[in-house]
Amino acid sequence: MTSRIAILGGGPVGMVTALLLARRGIAAALYDARPIEDLRRDRRLLALSRGSLQILDTLLGAGTLPMAPIRRVHVSSRGHAGAAHLGPPVTDHAGDATHDPSFGTTPVGATVWYADLVAALARAIDAEPRIVSERPRRVLGLRQYPDHVCVTLDNDTEITCALAIDAEGGPDRHRNAIGAAPVRSHALLADLTLDGLTPGDAFERFTDDGPFALLPVPGSRRQMSMIWCLPSPLAHTRHQLPEKPLLREIAQTLGPRFLAPTAIGSRNLFPLRPTRIDRVCEHRLVHIGNSAQVLHPVAGQGFNLGLRDCVCLVGCLTDTMAGTDIRRTHDVPAALARYAATRRLDRAVVPALTGMLPQLFSSAPLPIAVARSAALGALDLLPNVRRAFARLLMFGVRV
Ligand SMILES: Cc1cc2nc3c(=O)[nH]c(=O)nc-3n(C[C@H](O)[C@H](O)[C@H](O)COP(=O)(O)OP(=O)(O)OC[C@H]3O[C@@H](n4cnc5c(N)ncnc54)[C@H](O)[C@@H]3O)c2cc1C
């Protein structure tokens with residue numbers, strides 16, 4: 001047996017899990033199909049919640065990752081009344097605080113490039129003697145037995161472990177996936193240059209074509225990262241447009257009250273297929289992160305939710321494993337059942353909420369338009385509602 005725990009997939013969720021286990025003194029072997037250089041070419045900018053930043057700070061050390069703080073999130077809907085502002089208090093011209101002080105004075109979150117995150121995690125893993133990391137090493141399949149799991153790798157070897165953690169992403173691989181459907185929409189990503197930005201501002205704008213977000217870019221005061229979720233044919237058309245017509249389309253879509261972008265960087269398309277599986281545990285196999293749920297990126301919650309999976313799983317396992325060889329106990333399935341029960345609510349509420357938003361804001365009928373304007377107004381005006389919503393986005397649902 002090479003290791004008691006095998007982690008299948010070394011994206012950010014797999015790597016964080018390996019590091020959290022190692023910090024509790026537990027060894028793991030991690031396998032990823034791609035070299036780290038491949039992952040570092042990814043052009044996603046991740047918005048991390050305050051809760052996620054706390055987790056990463058304890059693993060990597062505060063200040064290790066290049067980040068841009070998010071101080072205020074402005075949520076609005078093109079062509080409709082109502083807007084909401086989430087963030088710590090700012091003072092108006094009379095010197096009065098205009099936002100809810102319950103946010104404190106620290107940023108609500110920060111952005112980090114996926115590429116920088118995986119590079120920092122890979123460095124931490126290289127420095128950790130309790131983790132054996134093999135990449136590129138594809139997992140081809142696994143077989144479960146009452147007291148162990150056999151994992152087959154693409155170098156004709158088979159490893160035996162007490163527990164397999166699936167962090168391979170893409171839940172549509174599973175039979176019990178809910179909502180796995182053909183890809184109908186894509187996210188168009190690009191950096192926009194805008195003049196007159198307020199540092200720390202982030203924008204979420206619901207447009208007729210789909211949700212449009214602008215996030216602050218680490219190390220830049222003039223650029224924001226655009227993520228525009230669009231029906232697939234439109235996303236492909238806009239991906240190919242020359243710069244000037246695309247800038248015009250963006251300015252028209254955002255409306256006259258928004259800053260108009262003056263330049264656009266290279267563009268990337270990501271297919272969107274929100275999915276989740278119901279059963280995250282199967283005897284000695286557990287699915288976490290994107291293997292268990294893929295969220296619509298509208299509210300930037302996928303990795304934040306995945307990180308909470310990692311922390312909860314390691315907590316449940318270490319309660320079980322302290323000082324024992326889990327292969328000789330019957331505790332692993334019990335620990336996984338505890339994990340599934342603890343994560344049930346967060347895994348149900350956050351995907352449902354983020355899945356509902358694009359539909360709610362793209363529906364034209366008048367009652368829905370009135371309801372969403374009222375909802376945005378309520379979010380802005382009612383401190384209790386705003387506080388509850390912000391806590392949900394920053395820390396998830398706690399049981
Ligand atoms: C456009 C976009 C924007 C996003 N923005 C945000 C955001 O702002 N905030 C946020 O919280 N989330 C965001 N997300 C979601 C976030 O990117 C994911 O939740 C996160 O990457 C999940 O990490 P993961 O490690 O579970 O999966 P992945 O990042 O998909 O990693 C899976 C790993 O498994 C490996 N693998 C796959 N198959 C095998 C195999 N057979 N054998 C071995 N290895 C294998 C892959 O090589 C990969 O490295 C966004 C997503 C998209 C698409």
Side-chain angles (χ1 to χ4, degrees), residues 6-18 29-49 51-53 55-56 68 70 73 109-115 117-118 121-122 133-142 151-155 164-173 183 185-190 202 204 211 213-216 225-230 235 267-276 287-310 313 350-351 354 393-394 396:
I7 300 175
L8 321 179
V13 163
M15 287 198 280
V16 165
T17 307
L30 177 142
Y31 305 96
D32 195 283
R34 295 186 294 161
I36 199 73
E37 295 73 33
D38 254 30
L39 277 69
R40 291 186 64 181
R41 278 192 280 273
D42 193 297
R43 291 295 298 159
R44 244 174 287 187
L45 186 66
L46 299 175
L48 302 183
S49 66
S52 297
L53 294 174
I55 298 166
L56 291 175
I70 301 175
V73 185
T111 59
V112 61
W113 292 110
Y114 182 98
L117 175 65
V118 291
L121 290 169
S133 169
E134 280 188 40
R135 57 169 84 226
R137 180 67 58 235
R138 182 172 291 278
V139 174
L140 298 181
L142 61 79
V151 179
T152 312
L153 303 172
D154 66 357
N155 60 348
I165 300 174
D166 168 21
E168 289 178 13
D172 43 332
R173 292 175 296 125
V183 175
S185 54
H186 274 71
L188 176 60
L189 271 59
E204 182 76 58
L214 284 176
L215 296 172
S225 173
M226 169 186 86
I227 164 163
W228 197 359
C229 303
L230 295 162
R267 305 162 208 174
N268 289 276
L269 279 178
F270 282 83
L272 302 179
R273 184 157 46 178
T275 324
R276 76 183 267 284
H287 311 283
I288 59 170
N290 266 30
S291 282
Q293 64 271 321
V294 174
L295 271 56
H296 193 288
V298 59
Q301 288 299 310
F303 180 57
N304 292 305
L305 189 66
L307 267 183
R308 299 197 289 273
D309 287 350
C310 308
L313 176 63
V350 176
T354 55
L393 296 185
M394 288 193 290

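Both counts, for ligands and for their atoms, begin at 1 and track the order of listing. One is the number of the first residue; the rest follow in order along the sequence. Nothing here was measured: the structure is a model prediction, and the numbers come from that model.
D32 approaches G10 most closely through the heavy-atom pair OD2-N, 2.5 Å.
Legend: residues meeting side chain to side chain donor-acceptor pair (under 3.5 Å) with N268, ordered by chain and number and at least two apart, are absent. Partners of R137 by side chain to side chain donor-acceptor pair (under 3.5 Å), not counting sequence neighbours, listed by chain and number: E134, D154.
Partner of L142 under the side-chain contact (heavy atoms from CB on, under 4.5 Å) criterion, out of L8, D166, T152: L8 alone.
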What do the steps show when you test F303 against L117 for side-chain contact (heavy atoms from CB on, under 4.5 Å), and what is the final call? CA-CA 11 Å; F303 180 57; L117 175 65; 3.6 Å; yes
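If you look at D38 next to ligand 1, there are no close heavy atoms at all, none under 4.0 Å. When heavy-atom distances to ligand 1 are checked against a 4.0 Å cut-off, A167 comes that close only through its backbone atoms N, CA, C and O.
Taking each of L46, L305, L140, V16 in turn, the one with a heavy atom nearest to atom 5 (N) of ligand 1 proves to be L46. Here atom 3 (C) of ligand 1 lies nearest to R44 when heavy atoms of R43, R273, Q293, R44 are compared. In this structure, of D32, L215, D309, the residue bringing a heavy atom nearest to atom 46 (C) of ligand 1 is D32.
For the pair L56/V16, a side-chain contact is recorded, criterion being any heavy-atom separation below 4.5 Å from C-beta on.
For ligand 1, the polar-atom distance check against Y114 finds a nitrogen or oxygen pair separated by under 3.5 Å. For ligand 1, none of its N or O atoms has an N or O atom of S291 under 3.5 Å away. Taking only nitrogen or oxygen atoms, main chain and side chain alike, F303 reaches within less than 3.5 Å of ligand 1. Taking any N or O of V139, backbone or side chain, at least one lies under 3.5 Å from an N or O belonging to ligand 1. Of the polar atoms of A33, at least one N or O is found under 3.5 Å from an N or O of ligand 1, judged by distance alone. Taking only nitrogen or oxygen atoms, main chain and side chain alike, V13 reaches within less than 3.5 Å of ligand 1. Inclusion of A187 in the set of residues having an N or O under 3.5 Å from an N or O of ligand 1 is not warranted. Considering backbone and side-chain atoms alike, G169 places every N or O at 3.5 Å or more from each N or O of ligand 1.
Around CZ of R135, the count of heavy atoms belonging to other residues, nucleotides or ligands within 6.0 Å exceeds 12.
Of the possible donor and acceptor atoms, one in the side chain of N304 sits under 3.5 Å from a partner among the backbone N and O of S49. For the pair T17 (side chain) and C310 (backbone), a donor-acceptor distance under 3.5 Å is absent. Between the side chain of Q293 and the main chain of G289, a donor-acceptor pair closer than 3.5 Å is present.
For ligand 1, the atoms closer than 4.0 angstrom to any heavy atom of I227 are 1 (C), 3 (C). Close approach of ligand 1 to R137 is summarised as follows: ligand atoms under 4.0 Å from at least one heavy atom of the residue are 43 (C). Under a 4.0 Å criterion applied to the non-hydrogen atoms of Y31, ligand 1 contributes the atoms 43 (C), 44 (N). Counting the atoms of ligand 1 from 1 in the order shown, those under 4.0 Å from a heavy atom of N304 are 11 (O).
Residue contacts with ligand 1 include L39, since one of its heavy atoms falls under 4.0 Å from the ligand. Residue L307 places every heavy atom at 4.0 Å or more from ligand 1.
A distance of 7.5 Å separates CG in L272 from NE2 in H186, rounded to the nearest 0.5 Å. Taking CG from N290 and CG from L295, the interatomic distance works out to 8.0 Å, rounded to the nearest 0.5 Å.
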